[in-house]
Amino acid sequence: MGKKKRVKIRKLLERGEEVPEVLVMGWVRTRRDSKGGFSFIEINDGSCLSNLQIIADHKIEGFPGVAMKLHAGSCIGVIGKLVQSMGKGQNVELQADAIEVYGPADTEEYPLQKKHHSFEFLREIAHLRPRTNTFGAVMRVRNRLAYSIHTFFQDRGFVYLNTPIITTSDCEGAGEMFQVTTLNLANPPLDEAGIDYTQDFFGEKTSLTVSGQLEGEVYALALSEIYTFGPTFRAENSNTSRHLAEFWMVEPEMAFYDLEDNIDLAEDFIRYLFSDVLEHCSEDLEFFNRRIDKTLLERHKGIVENRFERIPYSEAVHLLEKSKHKFVYSVEWGCNLQSEHERYLSEEVFEKPVVIFNYPDTIKPFYMKANEDGETVCAMDVLLPRLGEIIGGSQREDNYEVLAKRMKEKELDPSHYQWYLDLRKFGSAPHSGFGLGFERLVQFVTGMENIRDVIPFPRTPKHARF
RNA sequence: UCCGGUGUGGCGCAAUGGUAGCGCAAUCGGCUGUUAACCGAUGUGUUACAGGUUCGAGUCCUGUCACCGGAGCCA
């Protein structure tokens with residue numbers, strides 16, 4: 001059996017043509033026995049959502065012994081004839097000539113049953129959940145999105161850049177950082193100030209990155225347009241359906257882009273991704289639309305077909321102030337917009353993605369470019385209905401003096417950022433960029449409610465198993 | 001981290017302070033070109049953990065842990 005080339009189920013179902021002899025391999029999802037002397041076995045190999053139905057005549061060689069092992073979860077290989085199906089529900093089916101069991105699954109112990117399981121339960125068996133319809137579909141969609149992120153930027157001449165995972169730059173207190181050290185925690189070397197990091201592996205205090213942006217700017221100011229796509233770490237004790245301690249982020253950074261160019265790119269990017277996934281993952285998306293969220297496809301088409309709303313922060317505040325909607329947190333110019341405010345704007349006022357830009361400088365980081373009004377900066381957030389912020393970005397401050405002053409105001413140590421300031425000292429250029437949370441994108445595209453169910457192995461507070 | 005909720009057979013859930021049940025799955029049998037198959041029978045429990053109140057606790061109280069939802073923070 002091993003000598004013949006195996007064909008994936010997706011290919012066979014797409015063609016829908018009869019094949020005199022074919023080999024398929026996969027995991028049994030369900031078996032139904034007929035007393036007519038044969039069994040129906042459905043197998044799935046992850047190449048697509050659909051199973052392949054196998055007709056196994058009990059007369060085929062060794063079947064009585066084999067049949068006992070063909071429970072849900074077992075892995076088998078089958079050689080047979082692919083023929084038009086006599087039954088309803090599938091076009092073609094495989095009439096088995098021989099079946100080989102690679103790995104049986106003890107039905108008394110195998111946790112997955114042919115019934116619905118809660119996502120909470122599946123999280124406890126993260127090593128087996130990819131064998132369910134939902135997780136197979138999530139991971140195929142996730143894969144397609146990753147692929148089209150690369151094609152979007154590659155088609156536009158952006159350079160894919162790998163920024164460091166281990167870093168010394170504390171990206172402006174942007175959340176808690178995971179420390180990286182080889183010091184003996186039970187007995188660390190000490191000096192007057194506390195722990196003596198000169199004796200640590202890198203000779204100074206290091207952490208896992210919370211953003212590749214600062215390093216991305218370095219390469220944008222040489223290669224013009226770059227993007228990063230890699231893991232990001234936040235040690236915030238955050239327990240929500242939208243947060244992970246380890247997640248993947250896409251961060252393009254572009255020389256010669258102002259804020260408007262930046263927003264244009266972000267919008268084109270989002271709409272490209274949705275359009276691509278609608279075209280290439282239709283079976284999986286229809287599954288999500290049927291089982292997870294009945295309005296999913298309708299909303300996705302809305303995103304592809306309509307322009308995003310764009311409003312300045314000041315106007316957003318004005319809209320919220322004059323609205324009759326009762327908010328838990330009141331709104332005034334200068335405050336951070338709360339989740340309830342963002343949701344109100346994207347879900348009720350505009351009912352589509354909203355870009356808010358020109359935020360007060362007091363609530364944004366030091367590196368964002370100051371506007372001429374002296375009180376706002378060139379920041380922008382893209383808000384999606386139901387999900388909230390999916391993109392945060394800005395035009396960067398490219399004036400040396402202004403940036404140095406901002407850093408002083410925010411009490412940052414300039415010695416840590418000398419290389420960053422140097423970019424403004426030598427051949428500075430207007431430039432912009434943004435960050436997109438990859439898992440939040442997958443969440444929105446699939447309709448999955450919890451971010452822990454769109455990443456293979458979620459890392460959250462108190463949870464790093466598997 | 002804060003607020004609220006939940007924790008009971010493998011899974012999903014029920015049970016006024018008084019004998020812990022139901023559905024699905026599983027096992028066995030029947031039926032059938034079946035397809036979330038169907039029909040019948042069978043087995044399945046330290047009620048998260050540690051204390052407390054009570055004649056008696058799954059149920060009430062205290063603490064711990066875990067999970068879920070929301071908030072903060074963020075992508």
Side-chain angles (χ1 to χ4, degrees), chain A residues 29-42 50-57 68 71-73 83-90 93 95 105-125 132-133 171-176 210-213 231-251 266 291 327-329 336-343 363-365 381-384 387-393 434-444 449-455 460-463 465:
Chain A
R29 285 295 181 78
T30 177
R31 188 188 87 217
R32 298 174 290 274
D33 296 322
S34 167
K35 284 295 182 284
F38 56 94
S39 295
F40 302 95
I41 304 160
E42 287 189 42
S50 300
N51 301 327
L52 179 66
Q53 174 163 288
I54 290 156
I55 312 298
D57 195 295
M68 300 309 291
H71 298 293
V83 297
Q84 296 299 313
S85 177
M86 292 160 64
K88 291 168 189 155
Q90 59 281 317
E93 62 191 18
Q95 285 188 337
D106 184 344
T107 187
E108 298 278 357
E109 286 182 64
Y110 187 61
L112 290 173
Q113 303 158 353
K114 41 181 202 180
K115 55 167 282 191
H116 172 79
H117 290 95
S118 69
F119 293 133
E120 290 86 351
F121 171 67
L122 292 173
R123 260 170 241 152
E124 294 168 11
I125 49 166
T132 62
N133 286 335
C171 210
E172 218 223 330
E176 295 295 311
V210 293
S211 166
Q213 179 202 316
T232 310
F233 307 88
R234 304 267 169 100
E236 208 74 52
N237 190 359
S238 195
N239 295 287
T240 82
S241 57
R242 304 183 308 282
H243 283 87
L244 291 167
E246 177 182 288
F247 64 99
W248 288 65
M249 188 152 67
V250 182
E251 295 184 288
R291 302 295 287 271
F327 296 111
V328 176
Y329 295 88
N336 257 314
L337 297 184
Q338 306 291 324
S339 293
E340 57 171 345
H341 304 141
E342 297 180 345
R343 291 186 63 152
I363 58 171
K364 288 291 179 184
D381 286 351
V382 180
L383 312 177
L384 293 184
L387 189 84
E389 183 179 346
I390 192 170
I391 282 180
F434 62 79
L436 171 134
F438 184 54
E439 282 75 18
R440 289 195 181 167
L441 174 73
V442 181
Q443 239 186 310
F444 194 82
E449 288 189 354
N450 197 309
I451 200 165
R452 292 162 201 179
D453 299 328
V454 299
I455 188 167
T460 53
K462 300 270 190 315
H463 198 103
R465 277 178 69 208

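Numbers restart at 1 for each chain; the letters A, B, ... are given by sequence-line order, proteins then strands.
With A71(B), A75(B), A66(B) as the choices, the nucleotide that has an atom nearest any side-chain atom of Lys462(A) turns out to be A66(B). The side chain of His71(A) sits closest to U27(B) out of C67(B), C74(B), U27(B). Looking at the side chain of Gln338(A), the nearest of the listed nucleotides U34(B), G72(B), C67(B) is G72(B). Residue Phe40(A) places its side chain closer to G33(B) than to any other of A75(B), C67(B), G33(B).
Residue contacts for Glu251(A): at a heavy-atom cut-off of 4.0 Å it reaches no nucleic acid atom on any strand shown. Nucleic acid contact for Ser238(A): base, since at least one base atom lies under 4.0 Å from a heavy atom of the residue. Counting non-hydrogen atoms under 4.0 angstrom, Phe121(A) reaches the backbone sugars and phosphates but no base. When heavy atoms are screened at a 4.0 angstrom cut-off, Ser85(A) is found touching base atoms of the nucleic acid. Contacts of Arg29(A) with the nucleic acid, taken as non-hydrogen atoms under 4.0 Å apart, are absent. Residue contacts for Asn51(A): at a heavy-atom cut-off of 4.0 Å it reaches no nucleic acid atom on any strand shown. Backbone-only contact: Ser241(A) has heavy atoms under 4.0 Å from sugar-phosphate atoms and none from a base. Nucleic acid contact for Gln53(A): base, since at least one base atom lies under 4.0 Å from a heavy atom of the residue. Within the 4.0 angstrom heavy-atom criterion, base atoms lie near Met86(A). Nucleic acid contact class of Leu441(A) (heavy atoms, under 4.0 Å, all strands): none. Among the atoms of the strands shown, none is found under 4.0 Å from any heavy atom of Phe444(A).
In terms of phosphate contacts, Arg242(A) brings a side-chain nitrogen or oxygen within less than 4.0 Å of OP1 or OP2 of A71(B). Not one side-chain nitrogen or oxygen of Thr240(A) sits closer than 4.0 Å to the OP1 or OP2 atom of C73(B). Note on Arg452(A): a side-chain N or O is less than 4.0 Å away from OP1 or OP2 of C68(B).
The nucleotide A71(B) finds its pairing partner in U1(B), both defining distances of the Watson-Crick or G-U wobble pair being shorter than 3.5 Å. Using the Watson-Crick or G-U wobble rule with both distances under 3.5 Å, A41(B) pairs with U27(B). Nucleotide A57(B) is matched to nothing when pairs are restricted to Watson-Crick or G-U wobble geometry with both distances under 3.5 angstrom. The nucleotide U6(B) finds its pairing partner in A66(B), both defining distances of the Watson-Crick or G-U wobble pair being shorter than 3.5 Å.
In this structure, a donor-acceptor pair under 3.5 Å is absent between the side chains of Glu449(A) and Ser241(A). Looking only at atom types and distance, the side chain of His463(A) has no donor-acceptor partner in the side chain of Thr460(A) under 3.5 Å away.
Checked against the 6.0 Å centroid criterion, the rings of Tyr329(A) and His341(A) do not qualify as a close aromatic pair.
Nucleotide C73(B) holds its P atom 11 Å from the CG atom of Leu337(A), rounded to whole Å. Separating the CD atom of Glu124(A) from the C1' atom of U6(B) is a distance of 13 Å, rounded to the nearest angstrom. Distance OH (Tyr329(A)) to P (G72(B)): 5 Å, rounded to an integer number of Å. Remark: P of C74(B) and CD of Glu439(A) are 19 Å apart, rounded to the nearest angstrom.
A salt bridge links Arg32(A) to Glu42(A): one of the charged nitrogens lies within less than 4.0 Å of a carboxylate oxygen.
By the 5.5 angstrom centroid cut-off and the 30-degree plane limit, Phe38(A) is classified as not stacked against the base of G33(B).
Panel note: side chain Arg440(A), backbone Arg242(A); a donor-acceptor pair is recorded below 3.5 Å.
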